[in-house]
Trainee: 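Before we start, here is the structure in question, set down as structure tokens.
Counting starts at 1 for both ligands and their atoms, in listed order. Along the sequence shown, residues carry numbers from 1. Please read these numbers as outputs of a predicted model, since none were measured by experiment.
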Amino acid sequence: MNRQQSKENFQGEGLRFPDGFVWGTATAGHQVEGGNIASDWWAWETLGLVEDGTKSGRAVDYWNRFEEDHALMASFGLKAFRLGIEWSRIEPERGKIDKDAIARYHEIFQSLRRHNIKICLTIYHWVLPVWIAKQGDWLNPATLCHLEDFAKLVIDEFGEYPDLWITINEPMVPAVAGNLLGLFPPQRRSLRHYRSIVKALLKAHACLYELIHKRVPLAPDGGSTKVGVAQAYPCVEPWGSGGFRGLYEKVMTPLVRYLAYGAWDRAILSGCSGLFGIGGKNRQLYDSYDFCGVNYYFRMSLRFDGSKREQFYIDESGMPDGIIGTDMGWQIYPEGLYGMLEHIWRRFKRPIYITENGIADSGDDLRPAYILRHVAQVYRAIEAGIPVKGYYHWSFIDNFEWREGFAKKFGLIEVDHADDTLLRKPRPSAELFGEITKNNGLTRDMVQKYAPEALEEIFGTMNDE
Ligand code: IFM
């Protein structure tokens with residue numbers, strides 16, 4: 001943010017958030033549970049396609065160590081947790097329900113309750129049972145019927161627990177990475193398939209939204225049930241080259257935004273989509289968000305690159321001067337979060353939860369400032385009248401990072417996979433995030449202690465006055 005903005009918004013000894021603001025952390029089943037072997041991702045991993053040569057395997061064994069992990073969360077004062085449920089775990093073969101897996105999820109939810117940790121539950125976070133994948137995954141219309149059966153079971157079994165429901169995590173990612181760019185399973189590279197997958201996921205979301213509302217009218221706090229999607233909102237901007245290159249970058253920018261999130265959002269807002277072949281106004285789809293879930297990580301600056309034919313001549317990995325990159329090579333750009341929140345609020349007029357925000361940073365060198373700077377942008381948005389209701393940090397613990405394997409470290413809690421005991425080691429950022437949670441905001445002392453380099457940005461020019 002610029003100096004003037006920071007003066008207006010962040011003067012004082014701290015940034016105190018509204019009462020009831022939800023502070024939590026996030027994970028997804030396949031990335032932490034371990035042993036999710038009846039899934040399409042596991043099948044793909046066994047082909048040796050993960051970049052660092054790892055496989056999800058036992059992940060961090062959350063499946064068996066959830067109690068220890070929840071106690072750790074509680075020790076840091078964390079009040080909310082976003083987790084996923086794995087379809088392939090509950091229904092590893094068509095029609096065969098694993099009663100032990102259901103019992104285990106009950107234990108997990110009950111343990112969270114005992115620790116007074118609110119639950120945000122994701123139903124579909126990119127992973128399908130292998131039997132569904134073999135039938136043509138989302139390209140097969142029967143998948144939607146199977147999903148409906150699975151969802152009824154999940155909702156009836158576990159409906160009493162979630163304070164927030166996420167139907168789908170980042171729907172455009174499996175569509176783009178798995179079906180347009182061929183980077184994730186099932187490794188298709190086709191615009192036609194990308195469109196079909198998004199259409200199927202829109203229908204899946206609408207179906208889940210309606211089912212949850214029908215079967216669980218009230219949330220645990222007695223208020224109405226809240227259902228949404230966790231959408232990936234990268235900040236997409238042109239690199240700013242000159243001449244033809246610059247023109248190409250400018251033209252591609254809205255297109256990439258549209259493919260990355262805009263087309264989906266529009267389908268929700270209008271109930272129809274020319275691009276995805278949903279005609280008329282689909283009643284089930286229209287306006288099917290109670291809140292907007294925002295996953296924000298980085299900015300990408302689109303630069304023309306004539307050699308990148310397979311990426312439509314765009315290189316998005318460049319690092320502009322003065323911008324720091326994460327271990328994923330992503331630009332750290334907190335201002336982009338504020339911009340996205342404004343954009344989303346303008347479009348949806350719905351309460352917003354930051355359902356993911358985080359950084360791969362094995363040394364925990366950049367994470368404290370990353371957290372503080374992004375939380376400050378959330379505060380700035382709230383001050384500007386945007387109803388942001390919660391913030392979930394990704395991730396609670398080092399996770400299996402899909403194509404990148406275990407090499408990329410997103411956790412507040414460190415786990416070394418070379419160590420058989422999978423010992424949990426809190427990083428300094430876990431302490432910081434715990435302090436933010438306990439204080440319901442951030443203070444000058446915290447910034448001074450964890451990331452003094454961010455003082456000026458967050459608190460402006462107090463020292464010069
Ligand atoms: O690990 C992922 C998560 O599964 C979805 N959102 C982005 C995270 C970091 O890449």
Trainee: Does the plane of the ring in W402 sit parallel, tilted or perpendicular to the ring in F400? Use 30° and 60° as the thresholds.
Mentor: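 Plane angle over 60°, so perpendicular.
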
Trainee: Would you please name every residue forming a side-chain hydrogen bond (donor to acceptor under 3.5 Å, both in side chains) with H70, sequence neighbours left out?
Mentor: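 Partners of H70 by the side-chain hydrogen bond (donor to acceptor under 3.5 Å, both in side chains) criterion, ordered by chain and then number, come out as Y62, S111.
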
Trainee: Output all residues satisfying side-chain hydrogen bond (donor to acceptor under 3.5 Å, both in side chains) with E45, sequence neighbours left out; order by chain, then residue number.
Mentor: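 Result, side-chain hydrogen bond (donor to acceptor under 3.5 Å, both in side chains) vs E45: H30, S56.
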
Trainee: Testing the 3.5 Å rule here: is there a donor-acceptor pair between the side chains of Q284 and Y209?
Mentor: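 Side chains of Q284 and Y209: no pair found under 3.5 Å.
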
Trainee: Among residues at least two apart in sequence or on other chains, which ones pass ring pair (Phe, Tyr, Trp, His ring centres under 6.0 Å) with F291?
Mentor: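 F291: ring pair (Phe, Tyr, Trp, His ring centres under 6.0 Å) contacts with Y353.
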
Trainee: Does Y338 have R380 sitting over its ring (NZ/CZ under 6.0 Å from centre, angle to axis within 45°)?
Mentor: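 Geometry flag: set, cation within 6.0 Å and 45°.
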
Trainee: Within the protein, flag every N or O under 3.5 Å from an N or O of ligand 1, and note the pair and distance.
Mentor:
residue	atom	partner	partner atom	Å
ligand 1	1 (O)	Q31	NE2	2.9
ligand 1	1 (O)	W394	NE1	3.4
ligand 1	1 (O)	E401	OE1	2.7
ligand 1	1 (O)	E401	OE2	3.4
ligand 1	4 (O)	Q31	OE1	2.7
ligand 1	4 (O)	Q31	NE2	3.4
ligand 1	4 (O)	H125	NE2	2.8
ligand 1	4 (O)	W402	NE1	2.8
ligand 1	6 (N)	E170	OE1	3.3
ligand 1	6 (N)	E170	OE2	2.8
ligand 1	6 (N)	E356	OE1	2.5
ligand 1	10 (O)	E401	OE2	2.5

